[in-house]
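Heavy-atom basis, side chains included; hydrogens, waters and symmetry copies ignored. Residue numbers run from 1 in the order of the sequence given.
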Amino acid sequence: MTDVPHVLVAGHRNQTIAYCHALQNAGVMPEPLEESSVSINTYTGLLLPGGGDIAPSLFHCDNLGSRNIDIDLDKQQFALLDAFVQAQKPILGICKGLQLINLYFNGTLIQDLPNAPLHAWDLTDSTHLTHATPGSFIDLLYGRAMITNSAHHQGVGAPGKGIHIVQLSTPDHVVEAICHASLPIIALQWHPERLFCPDGSLIFRHFASMCQVFILKSFS
């Protein structure tokens with residue numbers, strides 16, 4: 001393992017271009033999925049990107065509004081998430097990635113938000129005000145209040161074991177960011193890879209620093 005973090009981006013190459021560019025700009029070497037079988041040993045961290053909805057059968061629920069499902073990718077993402085969690089390597093989840101993380105830790109998913117139009121993509125991202133938990137990584141990067149973008153119709157229900165909610169949308173209290181109590185895991189419901197004001201790159205630089213800390217611990 002070199003001193004440049006190598007991050008596995010757990011999505012198809014043609015669907016993860018913006019995430020890879022954002023990681024590169026933060027000083028990280030991104031690698032999108034190329035094979036069905038992946039060894040995590042050469043990677044410092046994992047990015048779970050946005051995408052379609054998660055197959056409800058994988059979290060033992062009926063379909064109550066989920067769509068654009070790729071169950072094979074879902075299974076692969078859950079398997080990779082498990083491997084990186086067991087290795088205690090840094091993980092960043094974005095949009096669908098946040099939902100995968102919460103479900104992995106036995107949280108629940110709202111398959112169609114009551115106020116979904118406020119958050120859904122409609123020719124462009126929606127935007128709205130949010131508030132962060134004092135002292136959280138969101139607060140430290142952006143302050144207590146910030147405008148985020150949105151492109152989703154699902155969201156966190158009950159938080160999973162060890163999951164802390166650290167950011168909520170102001171209008172309707174939809175979960176906008178989470179972190180794990182003891183593992184190097186952060187996740188956002190919004191899309192920093194295409195947020196310019198405020199500066200979404202702060203998230204990727206923060207994740208890069210998490211990866212650098214892991215490297216230093218590995219060499220110590």
Side-chain angles (χ1 to χ4, degrees), residues 7-20 30-40 43 45-87 89 91-122 125-126 149-163 165 169 172 174-180 183 185-194:
V7 169
L8 178 62
V9 182
H12 303 304
R13 179 177 291 275
N14 64 342
Q15 298 172 353
T16 57
I17 294 171
Y19 302 98
C20 290
E31 296 185 26
L33 283 175
E34 298 287 358
E35 302 175 1
S36 58
S37 178
V38 176
S39 170
I40 75 164
Y43 299 106
L46 173 69
L47 189 153
L48 292 167
D53 295 340
I54 304 162
S57 61
L58 297 181
F59 51 96
H60 312 294
C61 285
D62 295 330
N63 191 324
L64 302 175
S66 296
R67 53 185 186 259
N68 300 323
I69 294 167
D70 183 344
I71 192 169
D72 291 333
L73 179 60
D74 295 344
K75 290 178 178 178
Q76 189 174 19
Q77 288 173 331
F78 272 122
L80 288 168
L81 175 56
D82 180 61
F84 277 83
V85 167
Q86 297 307 317
K89 293 186 174 185
I91 299 168
L92 170 61
I94 295 174
C95 199
K96 178 190 177 184
L98 175 145
Q99 297 162 12
L100 285 162
I101 289 167
N102 192 57
L103 287 170
Y104 174 85
F105 287 102
N106 295 316
T108 62
L109 178 70
I110 301 169
Q111 293 188 50
D112 200 31
L113 293 167
N115 204 13
L118 177 66
H119 302 273
W121 188 89
D122 183 13
D125 289 344
S126 300
N149 56 357
S150 288
H152 64 101
H153 74 106
Q154 300 191 328
V156 167
K161 184 177 180 180
I163 294 296
I165 296 170
S169 64
D172 54 359
V174 167
V175 174
E176 296 288 349
I178 61 175
C179 66
H180 194 273
L183 295 169
I185 299 174
I186 61 173
L188 313 170
Q189 188 60 70
W190 43 282
H191 286 269
E193 77 282 2
R194 55 179 187 253

Closest heavy-atom pair and its distance - Leu80, Val38: CD2-CB, 4.1 Å
Using modelled atom types and a 3.5 Å cut-off, is there a donor and acceptor pairing between side-chain atoms of Gln189 and backbone atoms of Val156? no
In Å, rounded to the nearest 0.5 Å, how long is the span from CZ of Phe78 to CG of Leu73? 10.5 Å
Any heavy-atom pair between the side chains of Asn115 and Val174 that's under 4.5 Å? no
Donor-acceptor pair, distance only, cut-off 3.5 Å: does the side chain of Tyr19 make one with the backbone of Gly50? yes
Asn14, CG atom: more than 12 neighbouring heavy atoms under 6.0 Å: yes
Between Leu47 and Pro49, the two heavy atoms sitting closest are O-CD, 3.4 Å
Backbone N or O of Asp53 within a donor-acceptor pair of the Asn68 side chain at under 3.5 Å? no
With a 4.5 Å cut-off on side-chain heavy atoms, are Pro56 and Ile69 touching? yes
For the student: nearest non-hydrogen atoms of Gly51 and Lys96, plus distance: N-CB, 3.8 Å
Can you give me the closest heavy-atom contact between Thr16 and Pro32, atom names plus distance? OG1-CB, 3.7 Å
Listed once per pair and sorted, the ring pair (Phe, Tyr, Trp, His ring centres under 6.0 Å) pairs that draw on residues 47-67, sequence neighbours left out: none
Measure the spacing between CG of Leu46 and CD1 of Ile91 and express it to the nearest 0.5 Å. 5.5 Å
Modelled atom types, side-chain donor and acceptor of Gln154 and His152, under 3.5 Å: no
Closest non-hydrogen atoms of Val9 and Cys20, given as atom of the first, atom of the second and distance, are CG2-SG, 4.1 Å
From Ile94 atom CD1 to Glu193 atom CD, the distance as rounded to the nearest 0.5 Å: 5.0 Å
With rounding to the nearest 0.5 angstrom, report the CG to OG distance, Leu109 to Ser66. 6.5 Å
Calculate, to the nearest 0.5 Å, the distance between atoms OH and CG belonging to Tyr43 and Leu8 respectively. 5.0 Å
Kindly say whether Ala55 contributes a backbone atom to a donor-acceptor pair with the side chain of Asp74 at under 3.5 angstrom? yes
Test side-chain contact (heavy atoms from CB on, under 4.5 Å) applied to Leu113 and His153, step by step: CA-CA 6 Å; Leu113 293 167; His153 74 106; 5.8 Å; no
Using the rule given for side-chain contact (heavy atoms from CB on, under 4.5 Å), can you reason through Asn106 versus Lys161, listing the C-alpha separation, both sets of side-chain angles and the distance that settles it, and then say yes or no? CA-CA 6 Å; Asn106 295 316; Lys161 184 177 180 180; 5.6 Å; no
SG (Cys95) and NE2 (His119) are apart, to the nearest 0.5 Å, by 11.5 Å
List the steps and the verdict of side-chain contact (heavy atoms from CB on, under 4.5 Å) for Ile101 and Leu81. CA-CA 8 Å; Ile101 289 167; Leu81 175 56; 4.1 Å; yes
Closest approach of Ile110 and Gly157, non-hydrogen atoms and distance? CG1-CA, 3.9 Å
Candidate pair Phe105 and Leu183, rule side-chain contact (heavy atoms from CB on, under 4.5 Å), full reasoning: CA-CA 12 Å; Phe105 287 102; Leu183 295 169; 4.0 Å; yes
Taking Gly107's backbone N and O only, do any of them form a donor-acceptor pair with Asn102's side chain (distance below 3.5 Å, no angle check)? no
